Amino acid sequence: MDAVKKKEAEKTEVERTVDKPHFSPFVEIFEKDNVLRLAAELPGVPKENLEVTVDKGILSIRGESALGLPDSAKQVYGEFGEGVFYRAFTLPEEYNSERIEARLDNGVLVVEIPKAERAKRKKISIQ
Amino acid sequence: MNLNLFSMFRDLADLKNEMNRVFGSFGSGWARSEVKAPVNVYESPEEYIVLMEAPGADKSKFDVSLKSGNLVVKGEIPSLMPEKADLHRSERACGEFVRSIELPGKVDGSKVEASFRNGLLEIRAVKAEEEKPKQVVVKVG
């Protein structure tokens, strides 16, 4: 029971309230050559509206889309919304959060997190 | 109508996932993106504007055309995942797509422009003269 409560408390720590509709971006996460890569879809989010942070092992992605429409444009049909994007991930301990790199390319944020040296598989030579 | 128990349950699950996605629930079943390249359509007095979400799309592979009043958009969103990678999560809808979008009114086919920035494709089509709002002055006798 305490464990559940603790988990709930951890959850509330990373949540924030927003006064606009917010969305969780779709992601692709994969690992190759000791680097974990996360690709998040952030269409319509310019670089200056995007914030990527790592705090206490939690990677957070927060952004706001800017569709850049003229004021006279009224929406007549819609399949996607406009607003704030937010999603957070707990990083596994074996990754080095000091060396994270991120870039935004054509509406896709790519975050690269290398595996910590101590967590890499090493072959030990036998004498 | 074939509405068996299984399909009902599946639909509910999809709805739940979609709600989770839209309202940002934390940590429970994320939906995989089902609709490729969702669109919004806007109207201003002079033109129709179509915005399409195509994050990561290959700009050179867009093919935008006008067919009997419908805007047809073809494109491709490549997956970033290399071969032999360990997959942890895959929610992106990658691959080729074709969308046919019915415009609310007639357009001047020679005045359609498209641009791609920040993963959003924007298509602006100038309305045909007959669709533009006109001011009619009525004399009061």
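Just so it is clear, the structure is predicted and the values come from calculations on it, not from any experiment. Below, read A as the first sequence line, B as the second, and so on, with proteins coming before strands; counting in each chain starts at 1.
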Tell me whether [X] at atom [atom1] has more than 12 heavy atoms from other residues, nucleotides or ligands lying less than 6.0 Å away.
{"X": "Gln75(A)", "atom1": "CD", "result": "yes"}
{"X": "Lys74(A)", "atom1": "NZ", "result": "no"}
{"X": "Glu93(A)", "atom1": "CD", "result": "no"}
{"X": "Glu96(B)", "atom1": "CD", "result": "no"}
{"X": "Lys84(B)", "atom1": "NZ", "result": "no"}

Does a side-chain heavy-atom distance below 4.5 Å link [X] with [Y]?
{"X": "Phe30(A)", "Y": "Pro82(B)", "result": "yes"}
{"X": "Arg124(B)", "Y": "Pro70(A)", "result": "yes"}
{"X": "His88(B)", "Y": "Leu36(A)", "result": "yes"}

Check against side-chain contact (heavy atoms from CB on, under 4.5 Å), Glu28(A) and Ser79(B): CA-CA 9 Å; Glu28(A) 206 169 61; Ser79(B) 168; 3.3 Å; yes
Residue pair Phe116(B), Asn106(A): steps toward the side-chain contact (heavy atoms from CB on, under 4.5 Å) verdict: CA-CA 8 Å; Phe116(B) 186 58; Asn106(A) 270 344; 3.7 Å; yes
Working for side-chain contact (heavy atoms from CB on, under 4.5 Å), residues Leu120(B) and Phe80(A): CA-CA 12 Å; Leu120(B) 269 187; Phe80(A) 67 88; 4.2 Å; yes
Over all atoms of both residues, closest heavy-atom pair of [X] and [Y]:
{"X": "Gly107(A)", "Y": "Pro55(B)", "answer": "O-CB, 3.4 Å"}
{"X": "Ala73(A)", "Y": "Ile49(B)", "answer": "CB-CD1, 4.2 Å"}
{"X": "Gly68(A)", "Y": "Arg117(B)", "answer": "CA-NH2, 4.2 Å"}
{"X": "Lys32(A)", "Y": "Ala85(B)", "answer": "CB-CB, 4.1 Å"}

Check against side-chain contact (heavy atoms from CB on, under 4.5 Å), Val76(A) and Tyr42(B): CA-CA 5 Å; Val76(A) 289; Tyr42(B) 304 84; 5.8 Å; no
Choice from Asp71(A), Val108(A), Leu69(A), Asp105(A) maximising heavy atom contacts with chain B below 4.5 Å: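 Greatest number of close heavy-atom pairs with chain B: Leu69(A).
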Supply the atom-to-atom distance [X] [atom1] to [Y] [atom2], rounded to the nearest 0.5 angstrom.
{"X": "Glu53(B)", "Y": "Ser65(A)", "atom1": "CD", "atom2": "OG", "answer": "8.0 Å"}
{"X": "Leu104(A)", "Y": "Asn118(B)", "atom1": "CG", "atom2": "CG", "answer": "6.5 Å"}
{"X": "Ile29(A)", "Y": "Glu91(B)", "atom1": "CD1", "atom2": "CD", "answer": "7.0 Å"}

Part of Glu102(B) within contact of chain A (heavy atom distance under 4.5 Å):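 Neither; nothing under 4.5 Å.
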Determine, using the 4.5 Å side-chain heavy-atom cutoff (strictly less than), whether [X] and [Y] are members of one ILVMFWY cluster.
{"X": "Val110(A)", "Y": "Val52(A)", "answer": "no"}
{"X": "Leu50(A)", "Y": "Phe23(A)", "answer": "yes"}
{"X": "Leu71(B)", "Y": "Phe97(B)", "answer": "yes"}
{"X": "Leu80(B)", "Y": "Leu38(A)", "answer": "no"}
{"X": "Ile100(A)", "Y": "Val35(A)", "answer": "no"}

Heavy-atom proximity to chain B below 4.5 Å, by part of Val27(A):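 Contact with chain B: backbone and side chain both.
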Part of Leu67(A) within contact of chain B (heavy atom distance under 4.5 Å):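 Both backbone and side chain.
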Donor-acceptor contact below 3.5 Å, side chain Asn40(B) vs main chain Glu79(A): yes
Choice from Val50(B), Leu51(B), Leu87(B), Ile101(B) maximising heavy atom contacts with chain A below 4.5 Å: Leu51(B)
Residues Glu31(A) and Arg89(B) bridged, charged N to O under 4.0 Å: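 Answer for the salt bridge query: no.
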